[in-house]
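Here is the structure we will look at, set down as structure tokens.
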Amino acid sequence: MATASTLEESFKENPQSLQHILPIDFHSIQEVPNSHLWPDINNSSISHDEKNPNVPIIDLLAPNVVELIGHACKTWGIFQVVNHGVSLEFFDEVESQARRLFALPAEQKVKVVRSTSGATGYGTARITPFFSKFMWHEGFTIMDSPLDHAKELWPHDYQKFCDVMENYQKKMKALSFQLWLLILNYLQPSQEHSIKSFESTGALQLNSYPCCPNPNHALGLAPHTDSLFLTILHQTNNTKGLQILKKDQVWTSIAPVSNDALIVNVGDLLHILSNGEFPSVYHRVLVDQTKHRVSLAYFFGPQVDSMIVPLVSSKDNVGVEPKYRNLKVKEYLDLKAKHLEKVFSMIRF
């Protein structure tokens, strides 16, 4: 059996059943069905501080940006970036195209449902099989061009969607690489790690969280960590939904500080690369009774045949033993697809 050489191929080796892929028709239901009814999620301690207490806000034009990003990764594992060079008008354009897709009737969207062994298209979150309840969420995953799917949805009017989504991926890939180099400068890897010139991979996830009749008993996304190096999130309409679990086990809401601010969080592979110095952020998404929320998440990481070697020669890890064994991205994704958050205990020394 050939080894997966792309992110898309690695997903093919961990197929899911259609019942875990196809969302319900949110337009047609007036109450939350039992399949989507979670215990009271507001029982958890929740910090409602409107000002994102202490969540670092990083100006990418700041002269000390390397230290700021490194400190944010180390202490929080999440931060917001401003002055990143992407215009508010462009975010509005991407959101408009995402809403155009999610507003389609269910019988249209099902034409582009993610296949059981597929990585792209319409469907639920990939973490769905690990939970006994379904999430109040529908998504659409894009890797490079969405042309084939867009032609299915809009046979005579697909070009605008393709152009906007391809352009957004280009901008997010460039920004991801800029952030990646700043993080590497902070970690100061030794010369034997030739990771500055690595070939990257990425995926764009359009997320839809429809209005929910009972938001206290529904979850947009269940608690999880992201798998790759970094996730760049744009939450539209400046609405809250994202929550992170802090070290004190309190769920804290993270709202954008401005309409064009982007939220960046550390993923599992960067946690491993930093030898555990940077936490991979455990997060979830809440839903709203009156607002249909849409968000854009770009996942950035190395090619799946890359080897991840914990940096024990960084400035924060001098003389420290590696906490995790070396492993290929492909192996990590396979393990996580089967074991979710138990994966770290399987690769820890």
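FYI, the numbering just counts along the sequence from 1. Keep in mind that the numbers below use all heavy atoms, side chains included, and drop hydrogens, waters and symmetry copies.
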**Prompt:** What's the verdict on side chain to side chain contact (heavy atoms under 4.5 Å, CB included) for W251 and L245, showing C-alpha distance, side-chain angles and the deciding distance?
**Reply:** CA-CA 5 Å; W251 286 106; L245 190 64; 3.7 Å; yes
request  = Would you check, one step at a time, whether the test side chain to side chain contact (heavy atoms under 4.5 Å, CB included) holds for L233 with L296?
outcome  = CA-CA 6 Å; L233 180 74; L296 318 167; over 6 Å; no
**Q.** Residue pair I142, L206: steps toward the side chain to side chain contact (heavy atoms under 4.5 Å, CB included) verdict
**A.** CA-CA 8 Å; I142 303 169; L206 312 179; 4.3 Å; yes
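- Checked against a 6.0 Å centroid threshold, the rings of H149 and Y158 do not count as neighbours.
- When atom types are taken as modelled, the side chain of W38 and the backbone of A222 share no donor-acceptor pair closer than 3.5 angstrom.
- Of the options K171, R99, R100, K160, a salt bridge (charged side-chain N to carboxylate O under 4.0 Å, His left out) to E93 is made by K160 and by none of the others.
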### Message
Please determine whether salt bridge (charged side-chain N to carboxylate O under 4.0 Å, His left out) holds for the pair E95 and R293, giving the CA-CA distance in whole Å, both sets of side-chain angles, and the decisive distance to 0.1 Å.
### Response
CA-CA 10 Å; E95 180 190 350; R293 290 183 52 255; over 6 Å; no
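- Under the 3.5 Å distance criterion, the side-chain polar atoms of Q235 are matched with a main-chain donor or acceptor of I254.
- Note on ring orientation: taking the six-membered ring where Trp is involved, the planes of F102 and Y122 are tilted (angle from 30° to 60°).
- Hydrophobic clustering, with ILVMFWY side chains joined whenever heavy atoms are under 4.5 angstrom apart, groups I183 together with Y298.
- The closest side-chain donor-acceptor pair between E166 and S145 falls under 3.5 angstrom.
- Looking at heavy atoms from C-beta onward, I24 lies out of side-chain contact with F134 at the 4.5 angstrom threshold.
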Practice prompt. Start with the C-alpha gap between K133 and H36, add the side-chain angles, then the distance that decides, and say whether side chain to side chain contact (heavy atoms under 4.5 Å, CB included) holds.
Written response: CA-CA 5 Å; K133 297 292 184 179; H36 291 65; over 6 Å; no
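- Exactly one residue among F344, Y282, F278 makes a ring pair (Phe, Tyr, Trp, His ring centres under 6.0 Å) with H271. That residue is F344.
- Inter-residue side-chain proximity for F229 and I308 is flagged as met; some heavy-atom pair is nearer than 4.5 Å.
- Judged by distance alone, with hydrogens and angles left aside, the side-chain atoms of W136 form a donor-acceptor pair with the main-chain N or O of P210 at under 3.5 Å.
- For the pair N207 (side chain) and A125 (backbone), a donor-acceptor distance under 3.5 Å is absent.
- Between L68 and A62, the shortest heavy-atom distance links the atoms CD1-CB, 4.0 Å.
- Atom CZ of R126 is separated from atom CG of L333 by 10.0 Å, given to the nearest 0.5 angstrom.
- The heavy-atom pair separating D260 from S258 by the smallest distance is OD1-OG, 2.9 Å.
- For E107, the CD atom counts as densely surrounded, since its 6.0 Å shell holds more than 12 non-hydrogen atoms of other residues, nucleotides or ligands.
- Closest approach of C211 to H292, counting heavy atoms only: SG-N, 3.5 Å.
- Interatomic distance, OG1 of T231 versus CZ of F299, reported as 5.0 Å (0.5 Å rounding).
- Using modelled atom types, one side-chain atom of H283 and one backbone atom of H224 make a donor-acceptor pair closer than 3.5 Å.
- Counting non-hydrogen atoms of neighbouring residues, nucleotides and ligands closer than 6.0 angstrom, the NZ atom of K338 exceeds 12 such neighbours.
- Side-chain contact between E331 and M307 is absent, with no heavy-atom pair separated by less than 4.5 Å.
- Cluster membership for F90 and L262, using ILVMFWY side-chain heavy atoms within less than 4.5 angstrom, is shared.
- Formation of a donor-acceptor pair under 3.5 Å by the D25 side chain with backbone atoms of H27 is found in this model.
- Residues L335 and M346 come closest through the heavy atom pair CD2-CE, 4.0 Å.
- Hydrophobic clustering (side-chain heavy atoms under 4.5 Å, transitive across Ile, Leu, Val, Met, Phe, Trp, Tyr) groups L184 together with V66.
- Using a 4.0 Å cut-off between charged side-chain N and carboxylate O, K330 and E13 make a salt bridge.
- The side chain to side chain contact (heavy atoms under 4.5 Å, CB included) test with L221 singles out one residue from V285, L286, L242, and that residue is V285.
- In this structure a side-chain-to-backbone donor-acceptor pair under 3.5 Å is missing from K12 to A119.
- Taking a cutoff of 4.0 Å between a charged side-chain nitrogen and a carboxylate oxygen, E341 and K336 do not qualify as a salt bridge.
- For the residue pair H20 / T124, no side-chain donor-acceptor distance below 3.5 Å is found, with atom types taken as modelled.
- In this structure, K323 fails the cation-pi test against F349, since its NZ or CZ atom is not both closer than 6.0 Å to the six-membered ring centre and inside 45 degrees of the ring normal.
- Once rounded to the nearest 0.5 Å, the distance linking CG of L37 with CG of N214 reads 6.5 Å.
- Between W154 and F161, the two ring planes are tilted [angle within 30° to 60°].
- Checking side-chain atoms of Q97 against main-chain N and O of D92 turns up no donor-acceptor pair under 3.5 Å.
- Classification of the F91-Y168 ring pair by plane angle, with boundaries at 30° and 60°, yields perpendicular.
- Residues T141 and Q205 have side chains that bring a donor and an acceptor to within less than 3.5 angstrom of each other.
- A continuous path of Ile, Leu, Val, Met, Phe, Trp and Tyr side chains, each step under 4.5 Å between heavy atoms, connects L182 with Y186, placing both in one hydrophobic cluster.
- Ionic pairing of E67 and K74 is not present here: no N-O contact between side-chain nitrogen and carboxylate oxygen is shorter than 4.0 angstrom.
- A donor-acceptor contact under 3.5 angstrom links the side chains of D268 and Y332, judged on distance only.
- Annotation: side chain of D288 is not in contact with side chain of C212 (no heavy-atom distance under 4.5 Å).
- Closest approach of D59 and V65 over heavy atoms only: O-CG2, 3.9 Å.
- Atoms CD1 and CG, on I69 and L60 in that order, are 5.5 Å from each other to the nearest 0.5 Å.
- Both L204 and W180 are assigned to one and the same hydrophobic cluster, defined by single-linkage of ILVMFWY side chains at heavy-atom distances under 4.5 Å.
- Considering every non-hydrogen atom in both A98 and V294, the closest pair reads CB-CG1, 3.9 Å.
- A donor-acceptor contact under 3.5 angstrom links the side chains of K111 and Q108, judged on distance only.
- In this structure, S274 contributes its side chain and L270 its backbone to a donor-acceptor pair below 3.5 Å.
- Expressed to the nearest 0.5 Å, how far OG1 of T128 lies from CD1 of I21 amounts to 9.0 Å.
- One finds the CE atom of M143 at 9.5 Å from the CD atom of Q169 (value rounded to the nearest 0.5 Å).
- Looking only at distances, no side-chain donor or acceptor of Q303 sits under 3.5 Å from a matching main-chain atom of T201.
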